[in-house]
Amino acid sequence: MNDAVAMEATRRRTQHRANGKASEQGEQPAQWGRAWEVDWFSLSSVIGLLCFAPFIVFYFVMACDQYQCSVSQPLLELYQGETTLLSIWARAPSFTWSAAKIYAIWVAFQVFLYMCVPDVTHKFIPGYVGGVQDGARTPAGLINKYEVNGLQCWLITHALWYANAQYFHWFSPTIIFDNWIPLMWCANILGYGVSSFAFIKAYLFPTNAEDCKFTGNVFYNYMMGIEFNPRIGKWFDFKLFFNGRPGIVAWTLINLSYMAKQQELYGHVTNSMILVNVLQAIYVLDFFWNEAWYLKTIDICHDHFGWYLGWGDCVWLPYLYTLQGLYLVYQPVQLSNAHALAVLLLGLVGYYIFRSANHQKDLFRRTEGSCSIWGQKPAYIECSYRSTDGGVHRSKLMTSGFWGMARHLNYTGDLMGSLAYCAACGFGHILPYFYIVYMTILLVHRCVRDEHRCSSKYGKDWKRYTDAVPYRLIPGVF
Ligand code: NDP
């Protein structure tokens, strides 16, 4: 299996040894791959996350279900002895076979769309890049092929959802909300199942052994993953499927279900709910429109597939990224026009920065610098690095456009958009603001992680880049 898949992946181990200079300074280029070794801090964070992340998800969802989305009330009642952990647990809806059936049908349908319906949308939607695409070079020097059909899956799924709501009435559009906690148990079963499977698979039948990374610590391996691009067969890529399909396709459906529930409960939909649906739908559609670009992001290019991605995509993403909509079912907020407009503007400006920065880097990398950024030829720093097979490769780091203002302005735009989702919920409770706190931690940590990796990859060239662009997220501040 190992050999077969290795052959499927396009082996483009471009040996630049012959013509590649080591670096501009004539030094040995740095070597890349996952850079962090397991120190005690990483290990304790990993164990902490493994133990507490499922409880964090449960706590927020339970707070909405039992305490009208108050985060402090359960703690207060526990402190005052008015409730116990056992009674909270007893009140939580348990696993049901009907939820299991819904979840199984949902996942099976997404597997079917992903595997059996090759992309045709790229043939008639101008400007959309779909179908078979190359991923980025892995640390072992491989370039995998991917069937990019996420936009098509999203369109088919949502067309069916709409057809059901309008014409067929096979199920209620509130089905997701109505089974929210039982579905969470099913999502956990899949999340733990797929992470454990990927862990065992890495030892027994890895897709590409050269791209496996064993740290020597079992908890770290389980959480951060061993295999780089685990696959079953030629096309079932774990990273692309789990992140995109049960995770991100579900995001907009979950929000639609919340909207339907608001309508059912109160007879109308609030402007805050519409704002959350619209702003998050823009983000989701952007993801699928640019799925080929996603192949070049850190998730696919650098992260190994473990519990962090497997469980995160199945549970954390659908349950915590949609907290705003859930909150608005329990606490319907009608915003003033000025508030709604401010939220919309923040969301759209954030999205503009996020998308433009990502687009600039993508364009720059695709054209190898032969493009125009803000009307000018981009400035860049030439770098080189070494893959694990010893091959030396060249790359460029742009210092123009958004990438000349700060090293991660795409994250800044993302954070502005995230704040807009939260602000759409008004200021009555802190629960919907969990998202901006989480995204800030995630993206600042990602920033540090990525820079550490880039520094090991590019060595002195990375230092030249950080001297040229000294700020990370906010020009002049950080
Ligand atoms: P980036 O798209 O910023 O990619 C970082 C990589 O880009 C680096 O590792 C390096 O890769 C390359 N790079 C860095 N600087 C430059 C430069 N100046 N010129 C050219 N290439 C450069 O990060 P992510 O993949 O983390 O994020 C992609 C998007 O996804 C972001 O907008 C982020 O906000 C979003 N995101 C959203 C999440 C969510 O949960 N909502 C989670 C994570 C990300 P190389 O090794 O190729 O040089």
Side-chain angles (χ1 to χ4, degrees), residues 29-35 135-139 239 243-244 247-248 251 279-280 283-284 286-287 290-291 293-303 308-309 312-313 316-318 320-322 350-369 371 373 378-387 393-418 421 435-436 438-459 461-462 464-466 468-469 471-473:
Q31 182 154 331
W32 70 314
R34 186 165 67 195
R137 186 187 309 281
T138 71
K239 274 191 202 167
N243 189 53
I248 300 186
W251 190 345
L279 290 175
Q280 295 190 345
Y283 193 76
V284 167
D286 174 277
F287 173 86
N290 295 291
E291 198 177 18
W293 153 83
Y294 175 66
L295 301 178
K296 309 284 162 76
T297 62
I298 291 177
D299 286 356
I300 298 272
C301 298
H302 306 302
D303 285 343
Y308 170 75
L309 286 178
D313 292 338
W316 188 270
L317 192 160
L320 295 188
Y321 284 29
T322 59
Y351 172 72
Y352 170 77
I353 296 174
F354 162 82
R355 172 52 28 226
S356 310
N358 284 325
H359 173 70
Q360 283 181 354
K361 189 187 77 172
D362 185 46
L363 180 69
F364 172 79
R365 279 283 167 94
R366 265 191 292 116
T367 59
E368 301 201 348
C371 58
I373 301 290
Y380 55 83
I381 285 172
E382 286 269 8
C383 327
S384 54
Y385 62 93
R386 191 189 287 277
S387 53
H393 311 276
R394 298 186 69 82
S395 187
K396 295 181 173 75
L397 293 166
M398 176 165 59
T399 54
S400 290
F402 284 116
W403 297 84
M405 293 169 68
R407 300 200 291 272
H408 299 277
L409 223 62
N410 52 345
Y411 291 178
T412 312
D414 207 345
L415 289 175
M416 287 167 71
S418 306
Y421 312 155
Y435 188 65
I436 183 64
Y438 161 72
M439 282 299 282
T440 306
I441 297 170
L442 175 90
L443 292 178
V444 169
H445 176 251
R446 195 172 257 251
C447 201
V448 174
R449 204 157 60 98
D450 184 48
E451 299 216 340
H452 187 93
R453 192 192 61 78
C454 284
S455 165
S456 340
K457 178 175 175 182
Y458 295 123
D461 293 335
W462 183 253
R464 286 166 54 223
Y465 172 58
T466 55
V469 186
Y471 294 102
R472 292 184 178 97
L473 290 172

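Just follow the structure's listing: the first ligand is 1, and inside any ligand the first atom is 1. Computed from a predicted structure; not experimentally measured.
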Looking at ligand 1, does Trp293 have a heavy atom less than 4.0 Å from it?
yes
Atom 38 (C) of ligand 1: which of Phe287, Tyr283, Tyr411 has the nearest heavy atom?
Tyr283
Nearest heavy atom to atom 15 (N) of ligand 1, choosing from Trp403, Tyr321, Tyr380, belongs to Trp403
Please work out, at 4.0 Å between heavy atoms, whether the side chain, the backbone, both, or neither of Met439 comes within that distance of ligand 1.
side chain
Quick look: Leu317 vs ligand 1, heavy-atom contacts under 4.0 Å, and the answer is neither
Between Ser418 (side chain only) and Ile436 (backbone N and O only), is there a donor and an acceptor less than 3.5 Å apart?
no
What distance separates Gln360 CD from Cys371 SG, expressed to the nearest 0.5 Å?
9.0 Å
Counting from 1, what ligand 1 atoms have a heavy atom of Lys396 closer than 4.0 Å?
20 (C)
Salt bridge (Lys or Arg N to Asp or Glu O under 4.0 Å), that's the test. Do Arg449 and Asp303 meet it? Break it down for me.
CA-CA 11 Å; Arg449 204 157 60 98; Asp303 285 343; 2.8 Å; yes
Contact between ligand 1 and Val469 is defined here as a heavy atom of the residue under 4.0 Å from a ligand atom; is it met?
no
Below 4.0 Å from ligand 1: does a non-hydrogen atom of Tyr294 turn up there or not?
no
Taking the six-membered ring for Trp, are Phe287 and Trp251 closer than 6.0 Å centroid to centroid?
no
Please check: side-chain N/O of Arg365 versus main-chain N/O of Lys396, any donor-acceptor pairing under 3.5 Å?
yes
Consider every N or O of Arg446 and every N or O of ligand 1, then say whether any pair is closer than 3.5 Å.
yes
With heavy atoms only and a cut-off of under 4.0 Å, state how Leu397 meets ligand 1: side chain, backbone, both or neither.
both
Verify, without hydrogens or angle tests, whether Asp414 (side chain) and Asn410 (backbone) share a donor-acceptor contact under 3.5 angstrom.
no
Going by distance only, is there an N or O of Arg453 that falls short of 3.5 Å from an N or O of ligand 1?
yes
So which atom in Ala379 and which in Ser400 form the shortest heavy-atom distance, rounded to 0.1 Å?
N-OG, 2.7 Å
Which atoms form the tightest heavy-atom contact between Gly312 and Pro318, and what is the distance?
O-CD, 4.3 Å
With ring centroids as reference points, do Tyr458 and Tyr465 lie under 6.0 angstrom apart?
no
How does Cys301 reach ligand 1, if at all, at less than 4.0 Å between non-hydrogen atoms: by side chain, backbone, both, or neither?
neither
Which one of His408, Arg365, Lys296, Met398 has a non-hydrogen atom at the shortest distance from atom 47 (O) of ligand 1?
Arg365
Backbone or side chain, does any N or O of Asp414 fall under 3.5 Å from an N or O of ligand 1?
yes
Could you tell me whether Arg472 and Asp450 have a side-chain N and a carboxylate O separated by less than 4.0 Å?
no
Of the listed options (Arg355, His302, Lys361), which comes nearest to atom 13 (N) of ligand 1 when hydrogens are ignored and any heavy atom counts?
Lys361
For ligand 1, which atoms have a heavy atom of Tyr465 less than 4.0 angstrom away?
15 (N), 17 (C), 18 (N)
Within the 4.0 Å heavy-atom shell around Leu442, which atoms of ligand 1 are there?
40 (O), 42 (C)
Indicate, as side chain, backbone, both or neither, the part of Tyr458 found under 4.0 angstrom from ligand 1 when only non-hydrogen atoms are considered.
side chain
Check the pair Asp286, Tyr351 against side-chain hydrogen bond (donor to acceptor under 3.5 Å, both in side chains), reporting the backbone distance first and the verdict last.
CA-CA 9 Å; Asp286 174 277; Tyr351 172 72; 2.7 Å; yes
